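Only one structure is covered here, and it is reproduced in the block below.
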Protein chains: 2
Amino acid sequence: MQGTIMYAPGDVRVEERPDPTIEKSTDAVIRLAATCVCGSDLWPYRGVEQPHHQPMGHEYVGTVEQIGDDVRTVRVGDFVVGSFMASDNTCEICLDGYQSRCVRGEFAGAGGAQSEMLRVPLADGTLVATPGTPDADLVPSLLAASDVLGTGWFGAVAAAVGPGKTVAVVGDGAVGLLGILAATQLGAERIIAMSRHASRQQLAREFGATDIVEERGDEGVARIKELTHGYGAHSVIEAVGTQESMQQAIRAARPGGHVGYVGVSHGVELAGEELFFSGVHLHGGPAPVRRFLPELIDLIFRREIDPGKVFDLTLPLSEAAEGYRAMDERRAIKVLLQP
Amino acid sequence: MQGTIMYAPGDVRVEERPDPTIEKSTDAVIRLAATCVCGSDLWPYRGVEQPHHQPMGHEYVGTVEQIGDDVRTVRVGDFVVGSFMASDNTCEICLDGYQSRCVRGEFAGAGGAQSEMLRVPLADGTLVATPGTPDADLVPSLLAASDVLGTGWFGAVAAAVGPGKTVAVVGDGAVGLLGILAATQLGAERIIAMSRHASRQQLAREFGATDIVEERGDEGVARIKELTHGYGAHSVIEAVGTQESMQQAIRAARPGGHVGYVGVSHGVELAGEELFFSGVHLHGGPAPVRRFLPELIDLIFRREIDPGKVFDLTLPLSEAAEGYRAMDERRAIKVLLQP
């Protein structure tokens, strides 16, 4: 099959790789209907993390082609969505809704989802079958559910978004934008998108943002305070993962407010004293996307949400390298790859 | 009146000071029935913070002697309990339960509560009158409510303690011990006290601890994991405020668990990446004691809790210096001073 390998920062190639096979009796092998490039793939692409000749991609939707002997809940021919973290969905941590930290969990993207086929471990706990084969126009939204939508949704839930709340969103990538969509769905009264890119501002508004703040850092925080009678936001979704964005998120929240942080932390150091006196609730981490999949699939099938709009560039899988470049240069919000 | 001043680290003196007076129409002046030394007073005493000839003490119960013209809810003669943070109890932050971060808040201990009298700002929002004058044996418990009980209680609430939960408590000072009492009241199934001092272990058990762990740091974390089928505690109350204690608390919690941290942070730096992948909820800060006072006073008057047990040494106010020494040397858990 064709699959994507990152050889070194900036060096992504699609090449012939062995077809994945069932390795454990709990595995499934799926044929991908669509896959994509993740903002987190840019960390190694930019050399912030060192790639080591690794298969890339961890977002996937597709059709089950093979299952192991112990797989019970998905069948060959099912159209499925799964999370980037495989989970048994039966341990205490999964039952508490933290499937991304399942005690038997493993990375579902180990084989590389930017490819034609993928082996998914712990298929019963990881994959959710859709109600029949989706119309083609729903596929991008279902693909979004496998990571960026689930992650933005978790950010909103971790930030305790709800009716009557004012929500600020730090980060205008796909996750931040879908955090806005989630905040809308969860009933937020006011949603402030922090963005200085016109095309992203527009999508933010389509997803439900009521205000745009272009300032960053302390100036951005000051604007949020101005917009909230000096109190700060009730809820802040952090979707970047840098020192500046975390500080901005914590400072933009009111005392007793909630910061949901889903940008993968890179080089962040939080000063304990500032955090202590901020009085905020802080929660985040790798999103337990699996928790939300049934609800998200339902919303997508009922056409109540259209998260697939974050894909503003579609390329054949063979042009994955161009997809990386477009995202790195911020020419595209998110790139869908067609195997 | 007699009042306590810290001149320099280790140098605490009780001396004649001017009686406090009504300075603003929202003030009250109270005559103290009892006061005490706080674990946080040891930071400047030990030179970790620099004292500047400052009046000491921020925990107080007593009788209202004077009120300003705009005070409505407390009257001269009322026996009252207040928090170390004065609050209007009417702003949005107060109404959300974060009175320690009231937008008009100020430190209630500015005049120094280790004295015979104290001016309390924002009396209506800050002070809670008890249902009549308490029996003398209830006074220590009411005094505990003004800070250490309210702080331990907030730690337990911030750690989402509740029925069915396993709770670990880091720190065996008065706040940690009263966090155990709070966890018991909030219905925790299992409470693990981390302590290596026999007398504190005994009080921990009296307050409801079901297990004692003597190990600290990574060994302590390993013991907590052993006691929780490898998962970690659902809830961890952190009541110290150091780098080691915060790390211990975060590592002892399971993914999706809650850390309530109420030890005033000193020199803590949290690595963003570890925090991100821990998947814990983190909440804490200066406790909004005022939120809990009505409930705590009620529990104390109904003699359902006896938090006054944390006072294991009682001295006349004039011997405050000995009180500091006893706590510094860990000869006493907490010292009550009688004006």
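Keep in mind that the numbers below use all heavy atoms, side chains included, and drop hydrogens, waters and symmetry copies. In what follows, chains carry the letters A, B, and so on, assigned in the order in which the sequence lines appear, proteins first and then strands, with residues in each chain numbered from 1. Since the structure is predicted, the reported quantities are computational estimates derived from the model, not experimental observations.
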inquiry  = Is Val280(B) close to chain A through its backbone or its side chain, or both, or neither, when contacts mean heavy atoms under 4.5 Å?
reply    = backbone

query = Under a 4.5 Å heavy-atom cut-off, does chain A meet the side chain of Val262(B), its backbone, both or neither?
reply = backbone

query = With a cut-off of 6.0 Å (strictly less than), are more than 12 heavy atoms of other residues, nucleotides or ligands near CD of Glu269(B)?
reply = yes

message = With chain B as the partner, which of Gly279(A), Pro288(A), Pro286(A) has the greatest number of non-hydrogen pairs under 4.5 Å?
response = Pro286(A)

request  = Select all residues of residues 229-239 of chain A having any heavy atom within less than 4.5 Å of some heavy atom of chain B, and report them by number, or 'none'.
outcome  = Tyr231(A), His234(A)

key: For Phe276(B) against Ser265(A), the heavy-atom pair lying closest together   = CB-OG, 3.9 Å

ask   = Taking everything shown except Glu92(A) itself, do over 12 heavy atoms lie less than 6.0 Å from its CD?
value = yes

message = Does Glu106(B), at its CD atom, have more than 12 non-hydrogen atoms belonging to other residues, nucleotides or ligands within less than 6.0 Å?
response = yes

request  = For chain B, find which of Gly241(A), Ser100(A), Ala271(A) contributes the most heavy-atom pairs closer than 4.5 angstrom.
outcome  = Ala271(A)

inquiry  = Could you check whether any side-chain heavy atom of Leu275(A) comes within less than 4.5 Å of a side-chain heavy atom of Leu282(B), counting everything from C-beta outward?
reply    = yes

query = Looking at Leu270(A), Val268(A), Val264(A), which makes the most heavy-atom pairs under 4.5 Å with chain B?
reply = Leu270(A)

inquiry  = Quick check on the interface: out of His258(B), Arg254(B), His281(B), His266(B), who has the most heavy-atom pairs with chain A under 4.5 Å?
reply    = His281(B)

inquiry  = What's the separation between atom NE2 in His283(A) and atom NE2 in His283(B), rounded to the nearest 0.5 Å?
reply    = 13.5 Å

key: Partner set under side-chain hydrogen bond (donor to acceptor under 3.5 Å, both in side chains) for Arg251(B), not counting sequence neighbours   = Asp218(B), Glu274(B)

